[in-house]
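In what follows, every chain begins at residue 1, and chains take the letters A, B, ... in the order their sequences are listed. All of these numbers come straight from a predicted model, not from anything done at the bench.
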Amino acid sequence: MSIEPSIKYQAQRVNFGPSQIILASPKGRFSIRMQRRSVVAGVVIAAVGMVLALWSLAMGEISFTAAELLNTIFGNGTAASERVVLSWRLPRVVMALALGAALGASGAIFQSLTRNPLGSPDIIGFNTGAYTGALAVIFLAGGGYFQIAAGALAGGLITAALVYLLAYRRGSQGFRLIIVGIAFSALLASFNSWLIIRSELEEAMSAAVWGAGSLNAIGWEQAKPALLAAIVFFIAAAMIAPRMHMLELGDDAANALGIRVERSRLLLMVVGVGLTALATAAAGPISFIALAAPQVARRITRSAGVQLGSSAILGAVFLLLSDVIAQRIVPDTSLPVGVVTVSVGGAYLIWLLLREAKRN
Amino acid sequence: MRKTSELIQADLPKVKSHQHNIDAENHEDLSTSRLNGHDLTLGYEQRIVSQGLDVNIPDGSFTVIIGPNACGKSTLLRALSRLLKPVAGQVILDGKPIHRLPAKEVAKRLGLLPQSSIAPEGITVADLVARGRYPHQKLLSQWSAADEQAVLEALQATKTGPLSHRLVDELSGGQRQRVWVAMVLAQQTPLLLLDEPTTYLDIAHQIEIMELCRQLNRGNGHTVVAVLHDLNHACRYASHLIAMKDGNVVAAGAPREIVTEELIHEVFGLHSQIIEDPVSRTPLVIPLGESGSWD
């Protein structure tokens with residue numbers, strides 16, 4: 001009596017290959033199916049990130065024991081420990097995680113849209129445009145943190161919109177986006193160089209610092225607007241993820257399955273650009289997280305195509321790890337985190353290209 | 001890979017219901033049609049492919065659209081499936097203009113297998129078939145018991161159950177095509193539209209897909225519409241044939257009633273001789289050379 005239903009239950013299951021976790025509320029209003037491997041990997045990577053975050057909160061010029069750290073976090077610390085941990089280190093750690101997750105998710109969206117492991121918001125010229133915007137603010141208005149952020153935001157968004165419109169012909173196609181994006185980036189890059197060459201030394205220095213991408217200047221005041229925007233964009237990304245996976249089947253198939261293709265693609269691009277935009281505005285252009293996180297996550301989880309969730313979690317840990325390295329690799333100096341991501345990312349890119357070359 | 005003979009063997013229980021098949025044909029009522037097009041002008045940007053096109057898909061039929069290359073048959077199928085918005089005229093689904101219905105609503109009633117689809121890298125068969133459930137899923141309800149059941153049935157109907165855990169990339173062309181059909185079946189739509197489902201397949205796999213379509217039409221009660229290149233497959237399997245040329249419907253009806261040497265010449269500019277297929281008792285088109293004879 002007790003065996004029979006379970007056998008029946010077994011027989012009714014689809015064999016998906018990799019084992020699945022299916023969660024469903026009793027009345028079926030909420031249900032979700034996930035690959036067990038993705039869930040386990042996500043939890044493990046998140047745990048690693050958590051440990052790394054706690055470690056980087058405790059360690060530095062002034063170090064705390066685990067007990068001191070926990071006391072401080074739960075509100076029982078000394079004035080000094082509260083200042084160091086909660087006011088100085090915590091916003092930086094939280095921002096590294098949030099911006100890393102934003103970049104990872106953004107990369108996943110663009111790699112899915114272009115069906116290309118080299119896809120990232122950079123392909124539609126976002127970061128080059130953001131740099132142009134930031135340079136314009138630095139050279140024309142001198143530029144505090146928020147002014148430069150606004151300039152970068154405007155520059156990046158305008159560039160992305162222009163590339164999208166120029167590439168649009170009877171619908172936007174991944175390949176045309178890439179070509180137009182590369183052309184536009186090249187154009188803007190030389191314009192940026194020209195701007196820097198013409199500038200005063202001091203301005204050029206501050207442009208270079210911004211251009212490297214750094215979390216050095218981040219406190220709660222800078223973090224708050226970025227975190228708020230991140231929450232909004234993460235919710236939007238979660239809502240459009242199912243449509244993203246449908247678009248991967250090709251425009252016709254997606255259309256036939258009830259997707260409004262062009263609208264969905266535009267929506268995905270807006271969210272993808274938005275996620276990168278908030279990271280770039282807050283910390284300058286941080287390269288390679290968007291490129292590497294989705295592909296590494298895909299290999300760890302062995303999922304079909306790139307996934308938003310795992311890319312975001314891995315992106316968060318990548319950026320935090322890079323920042324931890326950037327702060328400590330040279331004694332008494334805090335390097336811009338972009339320097340570390342570029343170095344690690346460069347190695348990754350070479351590996352990716354070699355792998356693709358071997359496969360062809 | 002299954003041999004065609006095995007597939008036919010597997011379908012043997014169906015032979016007993018040959019009588020039932022004929023019944024099904026009789027049930028096919030030409031006057032009722034959930035899907036039809038009225039006075040359609042179809043085209044891409046400046047290029048008009050069809051003008052003043054009227055077309056009816058009889059309920060319960062296996063309708064096959066034939067015609068020479070670039071005659072507008074795929075364009076018609078795209079219009080019927082909401083992929084292409086007509087320049088003028090309307091495609092009507094269940095009495096309403098298809099372009100005014102919500103996209104997901106259409107996807108619950110009408111499934112389409114496009115000419116080319118892309119399987120994401122590293123996807124398993126069951127995972128791909130499960131994506132056909134999208135129109136039935138909600139943001140918070142992404143995997144219900146009904147989803148599981150529909151995927152199981154789709155795998156079973158296409159005999160891809162044993163492949164369900166395999167990677168799509170590893171399958172043969174014929175297997176892959178059956179998997180795509182399974183994905184469309186998981187949509188659980190009464191209407192199934194297939195755009196050249198047998199192109200690029202060898203003859204055994206072509207027959208396998210045609211048999212599957214017939215099974216879906218007769219056994220599972222789907223109205224099936226397919227664009228085909230092979231005239232003899234069309235004559236053999238279709239219950240309703242639509243012959244097109246230069247964007248117009250030249251003839252429509254049961255193959256036995258409309259396929260004549262004159263029609264084949266008019267549509268394809270091809271001389272032929274038509275005999276009865278000894279197995280299916282349907283018209284069999286024997287192409288002749290330009291001179292109209294073999295010698």
Side-chain angles (χ1 to χ4, degrees), chain A residues 9 11-25 27-35 111-112 115-117 169-170 174 235 238-261 263-264 295 298-299 301-307, chain B residues 44-45 78 81-83 102-108 110-149 151-152 155 161-168 180 183-184 187 193 195:
Chain A
Y9 181 76
Q12 279 179 337
R13 284 295 180 203
V14 176
N15 179 5
F16 279 95
S19 81
Q20 309 281 311
I21 295 176
I22 296 168
L23 300 173
S25 65
K27 281 185 183 166
R29 281 182 60 186
F30 172 84
S31 63
I32 192 164
R33 176 173 62 87
M34 296 169 290
Q35 270 196 46
Q111 289 176 17
S112 165
R115 298 194 187 91
N116 191 324
R169 186 178 303 148
R170 270 207 291 137
I235 292 171
M239 286 175 70
I240 57 175
R243 272 181 257 183
M244 178 179 103
H245 292 307
M246 289 297 132
L247 280 178
E248 287 166 2
L249 304 177
D251 288 2
D252 285 356
N255 207 327
L257 285 163
I259 302 281
R260 272 160 300 189
V261 168
R263 188 189 296 189
S264 301
Q295 291 299 316
R298 194 173 78 73
R299 283 176 179 80
T301 61
R302 291 193 202 135
S303 63
V306 291
Q307 304 286 326
Chain B
Y44 304 95
E45 291 184 349
R78 290 175 72 82
S81 58
R82 205 191 57 100
L83 254 57
K104 263 191 164 181
E105 198 46 52
V106 174
K108 282 182 192 168
L110 185 153
L112 169 77
L113 180 66
Q115 253 178 53
S116 60
S117 304
I118 304 156
E121 197 183 346
I123 197 168
T124 65
V125 168
D127 225 342
L128 184 62
V129 174
R131 294 204 179 178
R133 293 302 296 165
Y134 177 78
H136 300 272
Q137 291 164 340
K138 297 193 185 77
L139 187 60
L140 295 179
S141 168
Q142 297 189 0
W143 194 251
S144 66
D147 292 330
E148 184 109 24
Q149 190 58 35
V151 170
L152 274 176
L155 290 169
L163 305 174
S164 71
H165 62 284
R166 301 259 310 268
L167 291 178
V168 176
W180 281 109
M183 192 200 77
V184 180
Q187 236 174 302
L193 276 56
D195 198 354

Seminar exercise, completed: Interface check, chain B: of A:R302, A:R298, A:Q20, most non-hydrogen pairs under 4.5 Å belong to A:R298
For this session: Count the heavy-atom pairs under 4.5 Å between each of B:Q142, B:H165, B:R131 and chain A, then report the option with the highest count.
Result: B:R131
Exercise. Measuring from A:E248:CD to B:L128:CG, what's the distance to the nearest 0.5 Å?
Worked result: 11.0 Å
Exercise. Using non-hydrogen atoms only, which part of A:L249 is less than 4.5 Å away from chain B: side chain, backbone, both, or neither?
Worked result: both
Problem set entry | Worked verdict on A:R243 versus B:Y134 for side-chain contact (heavy atoms from CB on, under 4.5 Å) | CA-CA 9 Å; A:R243 272 181 257 183; B:Y134 177 78; 3.3 Å; yes
Exercise. What residue in B:I123, B:L139, B:D127 has the most heavy-atom pairs under 4.5 Å with chain A?
Worked result: B:D127
Exercise. Counting only heavy atoms not in A:R260, do more than 12 fall under 6.0 Å of its CZ?
Worked result: no
Problem set entry | Pairs of heavy atoms under 4.5 Å with chain A: top-ranked of B:V125, B:L112, B:V129, B:L140 | B:L140
Exercise. Out of A:A24, A:A238, A:A253, A:P18, which one racks up the most heavy-atom pairs below 4.5 Å with chain B?
Worked result: A:A253
For this session: Counting only heavy atoms closer than 4.5 Å, note whether A:S303 contacts chain B via side chain, backbone, both or neither.
Result: backbone
For this session: Give, as side chain, backbone, both or neither, the part of B:E121 having an atom under 4.5 angstrom from any heavy atom of chain A.
Result: both
Problem set entry | Contacting region of B:L110 [heavy-atom separation from chain A under 4.5 Å] | backbone
Exercise. With sequence neighbours left out, what residues match B:E105 under salt bridge (charged side-chain N to carboxylate O under 4.0 Å, His left out)?
Worked result: B:R109
For this session: Using a cut-off of under 4.5 Å on heavy-atom pairs, state which of A:I32, A:L23, A:L257 scores highest against chain B.
Result: A:L257
Exercise. In chain order, what residues pass the salt bridge (charged side-chain N to carboxylate O under 4.0 Å, His left out) check against B:R82, with sequence neighbours excluded?
Worked result: none
Problem set entry | Under 4.5 Å from any heavy atom of chain B - which part of A:R29 | backbone
For this session: Pick one of side chain, backbone, both or neither for A:Q35, based on which atoms fall under 4.5 Å of a heavy atom in chain B.
Result: side chain
Problem set entry | Non-hydrogen atoms of B:Q187 and A:A256 that approach each other most closely | NE2-O, 3.2 Å
For this session: Over all heavy atoms of both residues, which pair between B:A130 and A:R33 is shortest? Give the atoms and the distance, please.
Result: CB-NH2, 3.5 Å
For this session: Could you pull out the closest heavy-atom pair between B:A107 and A:G258, with the gap in Å?
Result: CB-N, 3.6 Å
Exercise. Side chains of B:Q137 and A:P242: closer than 4.5 Å at any heavy-atom pair?
Worked result: no
Problem set entry | Contacting moiety of B:S117, where chain A heavy atoms sit under 4.5 Å | both
For this session: Among the options A:A241, A:S31, A:A254, A:S25, pick out the one with the most heavy-atom pairs lying under 4.5 Å from chain B.
Result: A:S31
Problem set entry | Region of B:R78 in contact with chain A, defined by heavy-atom distances below 4.5 Å | side chain
